[in-house]
Structures are given as structure tokens and as C-alpha cells.
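I have placed the structure first, in the form of C-alpha cells, so that the comments after it can refer back to it.
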Number of protein chains: 2
Amino acid sequence: MAKFKLDDIDHQILNMLIENTRTPFTDIAKKLNISAGTVHVRVRKMEEAKIIQGSSLTLNYNSLGYNFIAYVGIFLEKTSQTQFVLNRLEDIPNITVAHVTTGKFNLFVKIRAKNTEHAKNVIFKIDDIDGVSRTETMISLEESLNDKTRLMKSIFEEM
Amino acid sequence: MAKFKLDDIDHQILNMLIENTRTPFTDIAKKLNISAGTVHVRVRKMEEAKIIQGSSLTLNYNSLGYNFIAYVGIFLEKTSQTQFVLNRLEDIPNITVAHVTTGKFNLFVKIRAKNTEHAKNVIFKIDDIDGVSRTETMISLEESLNDKTRLMKSIFEEM
DNA sequence: GGTGAAAGCACCGAGTT
DNA sequence: AACTCGGTGCTTTCACC
């Protein structure tokens, strides 16, 4: 991947789109004193360079009945089983993030479920995967901060 | 919050917008054999009901130089300091998620940094917060799965 | 790499069924 | 509720700078 150089205009475009993906390019153009065509070209280039990978809605999981979040640390019998287990984890949609980690656990995943009963089923599914020796669960009582946009904005301020 | 009943049309609209927030309403309308006006009204209602909270870009952090992910478990001196510490954590933009948890740790956060040196500074900042007795870090060697959209889509299939 | 204008569409409200 | 329709405004391209 060729290193792609972003300038301040790009950062500002990203900052506005991060807040709201549907911000009209004409609004962005006005604010930055450039033409809408320029905004369009720059966004397309960032998409082609895969800096912008896509866009997604932020949904309210609580109102969809998904109130339960937990993190599960996974111990494997052998680390050589890592890829196999990761593939099995992919089949469980309630796992929203999976990491290979150093330290205590071999793998570490985040799960989102409707309630404790539902979460139990998810954890049992994980325990059932060949190669998983045991798991350790941490239940989230409160997700007090979950805002990717904070990081993104700070990245551009630092640069 | 009044319970808001989503029907299958709503689910399909969400599924298309989850993939790409800028999908034209006319495209959605064609696919679902409804009018674009109806799509518009339904989306607005879901926004008003706060089911759709907003939209955001998916950026490639690696190409922005942010290659380092770790999870940090935080032990507090007293649980009564929870809110105070959460507020301090908010000031660190590299913390992208924070949870109050049961089990081993009192708090649990995810950090994203440029490299190990940068991460070290972030962790030291956490250690320096009043009320934090110690921390335990798990470094992610690989983020193999990070796709909210999988969960969202599965939610609508189940319903 | 940027502009400005023009053509093509999409959005979104009003009125209707 | 959902549809059609039309004014308004957004996107996207292109010739030119």
C-alpha cells in the first residue's frame, strides 16, 4: 500500500464526515472554501486508498433489546489451534470483536447479547469449540465510553 | 423510551444502510418495491426513536499509523472512585472504549496507539489517575474480527 | 490539483387515495 | 400509512485554469 499523504483539508473533510456520513459535500465545501467537486474528488481518492473503508450506522443496541456486554478471555490447549478457533468464532455473530493477545489469555473476544441467558448460550458455544480449554468472563456493568470519533478527531489534531 | 416496533421493511432498510450509509433511498425503494418517500419517512421515524443514533465512517487505522491495540484492566483503591476515574479516562482520546466490569477488574478499557512507545505513555497516564491502584495490560497481536455489521444483520434475521 | 457550471438525480414535503 | 409528483438542492462530471 503506497503511503498516502493526507493534508489538512483531508483531515477536515474526514472530521465532518465522521460526525455525520451524510453531510452534504456542498456544506463541507462552503465551510472549507473549496468547491464541492474538490470534496468529491478527495473523498474518492481516500476511498481508493482504502483510508475510508466504508460507512456504517450507529444503532442503539439497547432499544433493539441487546443490553448485555461481556468480554471473554479464551485459553487454548495449544497456540497452534489459534486460526482454527478464530474461524469457529467467526460463525458466532454475537462476537463483535476478537483478538489474539499476549499475556493471560490466548484469545480475547467481546460479546453482545440480549440478556444473561442469551450470553450464557454464546459462552457455551465458545467453550464447545475444539481446542478451547477454558474461558474467563468479565461482565460489563456499564459501557461508559464508546466513541471511535474521539480518537479519529484526535489523530488529525496531532498530525 | 417508548418501545418502537420495527417490521421487516425497517430491518431491510437498516441492513442496506448499515452496509453503506449513503445508499440512495431510491435504490432501497426499488429493491423493496416501495416508494422512496416511504423509505424517507421510515428512516426519519427510526432517527426520532433514536434507534438510528447517527452514522460514522470506518477508517483504516493502520494506514493512519495506529497499529497498536491493547486492553487494560484497571484496579481501583475503592469502587466509590469509579465515576471520578471514568471522567479522567474520558480525557484520554486513545481510550476508545471503557467499561465498568465485574470480576477481576473494576474498570476495563481498550486503547489504540501508534506503537509501543505511544501505548506506554497512555498506560502511564492511566496509572497516574488518582484512585487507580494498578493496571494489567493485554496486548493485541492481531485484531481478527471487528465487524459490528455482522451482529446488526444477525439481529434482524433472528427477529 | 482546483474551479464553476450544467446535467442528472435524490431528497423531502404537500396533497391524494 | 403509503403513493405520486414537483420544487429544491445535492452530486458528479468535464472543459478549463
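Quick caveat, the model's predicted, so the values are computed rather than measured.
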When the distance from [atom1] of [X] to [atom2] of [N] is rounded to whole Å, what number comes out?
X	N	atom1	atom2	answer
A:Lys45	D:dT12	NZ	C1'	15 Å
B:Arg42	C:dC12	CZ	P	17 Å
A:Ile28	D:dT12	CD1	C1'	15 Å
B:Met16	C:dA10	CE	C1'	15 Å
B:His40	C:dC9	NE2	C1'	15 Å
B:Ile9	D:dA2	CD1	P	8 Å

Chi angles and distances behind the side chain to side chain contact (heavy atoms under 4.5 Å, CB included) call for A:Leu64, B:Phe156: CA-CA 9 Å; A:Leu64 293 169; B:Phe156 306 140; 4.2 Å; yes

Aromatic centroids of B:His99 and B:Phe105 separated by under 6.0 Å: no

Donor-acceptor side-chain pairing of A:Thr21 and A:Ser55 below 3.5 angstrom: no

Under 4.0 angstrom between B:Arg22 side-chain N/O and D:dT11 OP1 or OP2: yes

Short side-chain N/O contact from B:Arg44 to OP1 or OP2 of C:dG13, under 4.0 Å: yes

Residues from residues 29-37 of chain B lying under 4.0 Å of DNA chain C - heavy atoms: none

Closest nucleotide among D:dT11, C:dA10, D:dC3 to the A:Pro24 side chain: D:dT11

Nearest listed nucleotide, side chain of B:Phe25, among D:dT11, C:dG1, C:dC11: C:dC11

Global bending angle along the helix from C:dG1-D:dC17 to C:dT17-D:dA1, which compares the axes of five pairs at either end, to 10 degrees: 20°

Charged tip of A:Arg112 within 45° of A:Tyr66 ring normal and under 6.0 Å: no

Chi angles and distances behind the side chain to side chain contact (heavy atoms under 4.5 Å, CB included) call for A:Leu86, A:Glu90: CA-CA 6 Å; A:Leu86 282 175; A:Glu90 288 222 28; 5.8 Å; no

Neighbour count >12 (heavy atoms, 6.0 Å) for atom NZ, A:Lys31: no

Student check: side-chain heavy atoms of B:Thr102 and A:Leu141 closer than 4.5 Å: yes

Within-4.5 Å side-chain heavy-atom neighbours: B:Met46 and B:Asp10: yes

Donor-acceptor under 3.5 Å (A:Ser133 side chain, A:Phe75 main chain): yes

